Amino acid sequence: MSNRIKNQRWLAGCLLAMLSTPALPAALDLQAILDKTTITPPSRVGFREFRHNRMLKDELVITGYLEYLQKGSLRKVIEAPFDESYLIQADRIVINRQGVTKTLSLQKSRALSAMLGGIEAILAGQSEQLATVFEYELSGVEEDWSLHLRPRSKRIAKQLTSLTVTGDGDSVSTIRFDLKDDEWHRMELIPTSEPQQ
């Protein structure tokens with residue numbers, strides 16, 4: 001067999017192999033992901049949260065629900081193992097603990113403000129707002145993605161080291177906050193069909 005025929009067969013084999021190789025998945029786009037997982041207020045979702053810090057022998061597990069009431073207004077209600085609620089609205093947080101209500105300014109806690117702003121940006125599908133506060137890395141595929149966020153501000157990073165959000169094609173599945181001193185909170189979101197109030 002001549003070298004010319006061998007070269008033609010080799011080239012044809014290479015072309016056939018290239019055509020039969022599955023295409024690589026397209027790179028994920030943050031705005032495209034957020035467009036699919038955006039939540040329109042008012043809405044509610046249940047959660048199960050695991051908290052770890054050095055003072056706890058075992059992880060604390062709490063359950064309740066989150067409400068996205070309107071733009072700039074979020075509420076977290078803890079139902080077990082204790083009753084507690086947090087209402088974030090107009091640069092303040094209203095805490096109700098064992099029947100006692102306390103109001104704090106968010107201006108005093110930039111880390112808490114950043115966390116809440118990040119959560120709302122994710123809920124509202126606002127990638128530009130998210131990118132102003134966090135550097136981010138998006139990995140995975142549309143059906144199983146992970147968004148890793150780090151605060152741009154060194155001052156905020158002293159308290160909130162990172163925020164990791166995972167999800168599938170249609171919704172956010174988990175949100176994890178990594179804080180200073182090896183403390184973290186990992187929240188699993190559970191869709192609920194409870195009526196809105």
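These numbers were taken from a predicted model, which means no experiment stands behind them.
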- prompt: Between Arg150 and Glu135, is a salt bridge (Lys or Arg N to Asp or Glu O under 4.0 Å) present by the stated rule, with each step listed?
  reply: CA-CA 5 Å; Arg150 290 191 180 276; Glu135 295 176 354; over 6 Å; no
query: Do Val172 and Leu123 have side chains that get closer than 4.5 Å, going by heavy atoms?
result: no
message: Show, in sequence, the C-alpha distance, side-chain angles and deciding distance for Leu74 and Leu66, and conclude whether the side chain to side chain contact (heavy atoms under 4.5 Å, CB included) test is met.
response: CA-CA 7 Å; Leu74 302 168; Leu66 299 173; over 6 Å; no
field: Distance, nearest 0.5 Å, that separates CD1 of Ile93 from CG of Leu87
entry: 8.5 Å
message: Is it the case that atom CD in Glu137 sees more than 12 heavy atoms from other parts of the structure closer than 6.0 Å?
response: no
task: Would you give the length of the straight line joining atom CG of Leu34 to atom CD of Gln126, rounded to the nearest 0.5 angstrom?
output: 9.5 Å
task: Give the C-alpha distance, both sets of side-chain angles, the deciding distance and a yes or no for side chain to side chain contact (heavy atoms under 4.5 Å, CB included) between Gln98 and Phe82.
output: CA-CA 8 Å; Gln98 297 178 342; Phe82 48 84; 5.9 Å; no
message: Does Gln31 form a side chain to side chain contact (heavy atoms under 4.5 Å, CB included) with Ile33? I'd like the steps, not just the answer.
response: CA-CA 5 Å; Gln31 188 58 57; Ile33 291 289; over 6 Å; no
- request: Could you tell me whether the side chain of Arg48 reaches within less than 4.5 Å of the side chain of Leu189, counting heavy atoms only?
  value: no
task: Indicate yes or no: at least one non-hydrogen side-chain atom of Thr63 is less than 4.5 angstrom from one of Ile78.
output: no
- request: Without swapping roles, check the side chain of Asn53 against the backbone of Met55 for a donor-acceptor pair under 3.5 Å.
  value: yes
message: Please evaluate residues Ile175 and Leu163 with respect to the criterion side chain to side chain contact (heavy atoms under 4.5 Å, CB included), reporting the C-alpha separation (whole Å), side-chain torsions for both, the decisive distance (0.1 Å), and the verdict.
response: CA-CA 7 Å; Ile175 302 172; Leu163 176 61; 3.6 Å; yes
CA sep, side-chain torsions, deciding dist, call: Thr166, Ser146, side chain to side chain donor-acceptor pair (under 3.5 Å): CA-CA 4 Å; Thr166 65; Ser146 180; over 6 Å; no
Sidechain N-carboxylate O distance under 4.0 Å for Glu188, Arg176: no
field: Salt bridge Glu142-Lys36, side-chain N to carboxylate O under 4.0 Å
entry: yes
- request: Evaluate the side-chain proximity of Phe50 to Leu60: yes if any heavy-atom separation is below 4.5 Å, no if none is.
  value: no
field: Distance, nearest 0.5 Å, that separates NZ of Lys180 from CD of Gln159
entry: 5.5 Å
query: So, for Pro41 and Lys71, which heavy atoms are closest and what is the spacing to 0.1 Å?
result: CG-N, 4.4 Å
- prompt: Thinking salt bridges, do Glu67 and Arg44 make one under a 4.0 Å N-O criterion?
  reply: yes
- prompt: Is any side-chain heavy atom of Thr174 closer than 4.5 Å to a side-chain heavy atom of Arg186?
  reply: yes
query: Shortest non-hydrogen contact from Tyr65 to Phe47?
result: N-CE2, 3.2 Å
- prompt: Atom CG of Asp168 and atom OG1 of Thr37: how far apart are they, to the nearest 0.5 Å?
  reply: 9.0 Å
Non-hydrogen atoms of Ser43 and Ile39 that approach each other most closely: OG-CG2, 2.6 Å
statement: What one should report as the nearest heavy-atom pair of Ser85 and Val77 is CB-CG2, 4.2 Å
query: Are side-chain heavy atoms of Leu179 and Thr161 found at a separation under 4.5 Å?
result: no
- prompt: Considering all heavy atoms of both residues, which atom of Leu28 and which atom of Ser139 are nearest to each other, and what is their separation?
  reply: CD1-O, 3.6 Å
task: Determine whether Ile88 and Leu106 make a side-chain contact, defined as any pair of heavy atoms from C-beta on separated by less than 4.5 Å.
output: yes
- request: May I ask you to check whether over 12 heavy atoms, not counting those of Tyr86, lie within 6.0 Å of atom OH?
  value: yes
message: Are Leu104 and Ile95 packed together at the side-chain level, in the sense that at least one heavy-atom pair is separated by less than 4.5 angstrom?
response: yes
- prompt: In Å, rounded to the nearest 0.5 Å, how long is the span from NE2 of His185 to CD1 of Ile62?
  reply: 8.0 Å
message: Can you classify the ring geometry of Trp184 versus His52 as parallel (below 30°), tilted (30 to 60°) or perpendicular (above 60°)?
response: parallel
field: Closest non-hydrogen atom pair, Gln89 against Ser73
entry: NE2-OG, 3.3 Å
- request: For the pair Asp35 (side chain) and Thr38 (backbone), establish whether a donor and an acceptor sit closer than 3.5 Å, ignoring hydrogens and angles.
  value: no
- line: Output for pair (Phe134 CZ, Leu147 CG), nearest 0.5 Å, gives 9.5 Å
